[in-house]
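Note that the structure is predicted; figures quoted are calculated from it, not measured. Order of the sequence lines fixes the chain letters, A, B, ..., with proteins taken first and strands second; residue numbering starts at 1 for each chain.
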Number of protein chains: 2
Amino acid sequence: MPSGRRPTIQDVANHAGVSMATVSNVVNGHAHVRDGTKKRVLEAIDALGYQASRAARSLPAGRTFLLGYCLPDDTSPNAALDVFLHHVVSTAARADLEVLLFTQKDLDKVQPYAEILQRGGADGFVLSGIDYNDTRVDFLEQRGIPFACFGRVADESVISVDVDGAAGIQAAVSHLHSLGHERIAFVGWPEGSATGDDRFDGFSTLAIALGLDPQRVVRTLNDFDLARKLVPALLSDHRPSAVVCVSDTVALGVLAGLRDEGLTPGGQIAVTGFDDVPAASLCAPSLTSLRQPMDRVGALLVERLVARLTGEDAPGSELVEPDLIVRESTIGASEAALADESPPTQEGIL
Amino acid sequence: MPSGRRPTIQDVANHAGVSMATVSNVVNGHAHVRDGTKKRVLEAIDALGYQASRAARSLPAGRTFLLGYCLPDDTSPNAALDVFLHHVVSTAARADLEVLLFTQKDLDKVQPYAEILQRGGADGFVLSGIDYNDTRVDFLEQRGIPFACFGRVADESVISVDVDGAAGIQAAVSHLHSLGHERIAFVGWPEGSATGDDRFDGFSTLAIALGLDPQRVVRTLNDFDLARKLVPALLSDHRPSAVVCVSDTVALGVLAGLRDEGLTPGGQIAVTGFDDVPAASLCAPSLTSLRQPMDRVGALLVERLVARLTGEDAPGSELVEPDLIVRESTIGASEAALADESPPTQEGIL
DNA sequence: ACGGTTTATTGAAGCGTTTCAAGAAACGTT
DNA sequence: AACGTTTCTTGAAACGCTTCAATAAACCGT
């Protein structure tokens, strides 16, 4: 019977001829409700277009039906933030949870989480950009707040999903090795980042196993221009036939640097990246890279977090394998074009 | 006096020796509170680390302190989603609002908004990806829900902020014209998208004004490969000396296509894009493009939305100008390098 | 048909705020 | 010092839901 106002549980109860408590039981499935009663209640809900108010549910229930996610400040690994968020949000929705977005104001990584908890703002958190000894992990763990990390955490009981960077790099190295490359160099980041070290380990381990020279390593920041300028030094000694890079940004820089040196990447020298940023397919030669399955990571994190919120004990850490996307930078433009049988002209014009 | 539980307004009231109502008044600045009283209350709040529970505030206040944002489904204009969201969230935070993220489940664009409203889930919405006759706009307007649009809306009273695509393209054309280019072609999208039509209008208008040939237009989907394959046709007739593209994706395709034809983009033929996606600076030659000021757009949208929520009447629509970022694709690698005075070797290695 | 059990349903007490009418203080005036 | 004003402060009623003890209804065996 609501006029302009949203229908309340009381309206539904009246409409169905039952008490508020029964409606609540139907909605939340808490107690046994007889089939006939349940049917009438559901019809009333349908007729009135009822949805429980989140605020009103939260108060007595002591939970917010909200998952918090802090937007990372640095734009580095955000390549697929949209895909990640999309899956976080839609997986959460399946468990009747919504996602609360927030940011950090200053350098204190923990402060925004503390603030949200103080105001009873979320039931749990999804963290990304985890590095060694992340302060947020300790903070949340101490307070017993449920959370799930995109990234590696030492404590096995913490929910964490990470992309297997080592395996990814090894897939790239194997790919190159099977193509006949024996002199494979690695361009990495400075030691000290969880992601960078992991990827380097992958190279190092497989290089030794395959009998390659594991010392052929150069390190640089994750910067296009720095990587570009490093190429002469990379080629100076005993020229590699392939370069495996820790990231697409670095790989794209190397690609540019090789061209500066008059070499044809893909043809004369192979290059691989990591992350499969959009630019990897938007350049020529297109870049062979490793796609992080952000969809799976996002969904997995939330599934496990939901399980833990529900009281089930969810498994802790898990690694997901990135997919090797082979493009022109390792197989050459000619071979890449084989898949592509279209006439050369008047194409693409509408 | 709370042991493990979060302090409530009652705890603060006790601690300060006042009533709950007074604490509420201090927190919300609703009534006049004497300075001495206010001071004691603030001290108590500080001592206890009190923050009002969002759920509990919402219930009697009838608002949620939440702004809703629906993640766009298509990944096309999401280039700077992270920057946009960052500013939306932090601007909202300044007004004591948080951001609720959601997605659409099916093709119905309106449904998720309806659902959130039914459950009293948000006080207002930020919309992006607005196109002609967006159903969401009508829906929200009819219900009197406050919202702000990233994109153009016919109704002037609706809050909308958009990037001036026409002005952006004109900046690119002017740039090229001042460089001496007289034969400038435009590669656009098919007619019918608000963004694409706007950008094309910019070209068309200025081309006429400058006495260029405004007919030198080719249209294609926003796809790298299609754009790449369209280059031979683009060059066939009366070869242009510069190509203005409706987007970076198209421009990068054109760049690749030109190289396929044995031409040197930047040197022999200039190219511009639009959006300044990361790839624009991660390729060689780097791409001259137009950066959309997503920071300003996000902040402006939320500022105005907040004003409207507060009862002030905020101005409706506004256009912000994109920034022309000049790179090698229009001025050539040599000139671009002038800014860059570093020795060519051993650079970038750590 | 009747007590004993199990299963459904409900009344009412919160949950932590806001809000507003009403009461208490302070402040000017005379 | 008493009175009318104005300025502060407060009690208590919502807000819409969950929950749980308590009641009612159905069921079962005899």
| query | Axis-to-axis angle across the helix from C:dA1-D:dT30 to C:dT30-D:dA1, five pairs an end, to 10 degrees? | reply | 30°
| field | Side chain B:S58, main chain A:A55, donor-acceptor under 3.5 Å | value | no
| task | Tell me, please, which residues at least two apart from A:R119 pass salt bridge (charged side-chain N to carboxylate O under 4.0 Å, His left out). | result | A:E115, B:E98
| Between B:H86 and B:D295: side-chain donor-acceptor atoms closer than 3.5 Å | no
| message | Check whether A:R304 reaches the backbone of A:A314 with its side chain - one donor and one acceptor, N or O, closer than 3.5 Å. | response | no
| said: Pairing donors with acceptors under 3.5 angstrom, does anything connect the side chains of B:D275 and B:Q292? | reply: yes
| query | With a non-hydrogen cut-off below 4.0 angstrom, is B:T37 in contact with a base, only sugar-phosphate, or nothing? | reply | sugar-phosphate
| Check: B:Y113 ring centre within less than 6.0 Å of B:F102 ring centre | yes
| query | Pick one: which of B:V26, B:V27, B:N25 meets side-chain contact (heavy atoms from CB on, under 4.5 Å) with B:V23? | reply | B:V27
Could you go through nucleotides 26-28 of chain C and list every protein N or O atom that sits under 3.5 Å from one of its N or O atoms, giving the distance for each pair?
none

Identify all pairs in which a protein N or O lies below 3.5 Å from an N or O of nucleotides 19-23 of chain D, and state each distance.
unit_1	atom_1	unit_2	atom_2	d
D:dT19	OP2	A:H30	NE2	3.2

| query | Which residue, B:I9 or A:V33, contacts DNA chain C at a nucleotide closer to its 5' end, judged by nearest heavy atom? | reply | A:V33
| request: Report the residues that fulfil salt bridge (charged side-chain N to carboxylate O under 4.0 Å, His left out) with B:D164, sequence neighbours left out, ordered by chain and then residue number. | output: none
| So, B:S193 and B:Y132: side-chain donor and acceptor under 3.5 Å apart, yes or no? | no
| task | Kindly write out the residues that satisfy salt bridge (charged side-chain N to carboxylate O under 4.0 Å, His left out) with A:E141, not counting sequence neighbours, or none if the list is empty. | result | none
| field | Contact under 4.0 Å: A:H32 side-chain N or O vs C:dA8 OP1/OP2 | value | yes
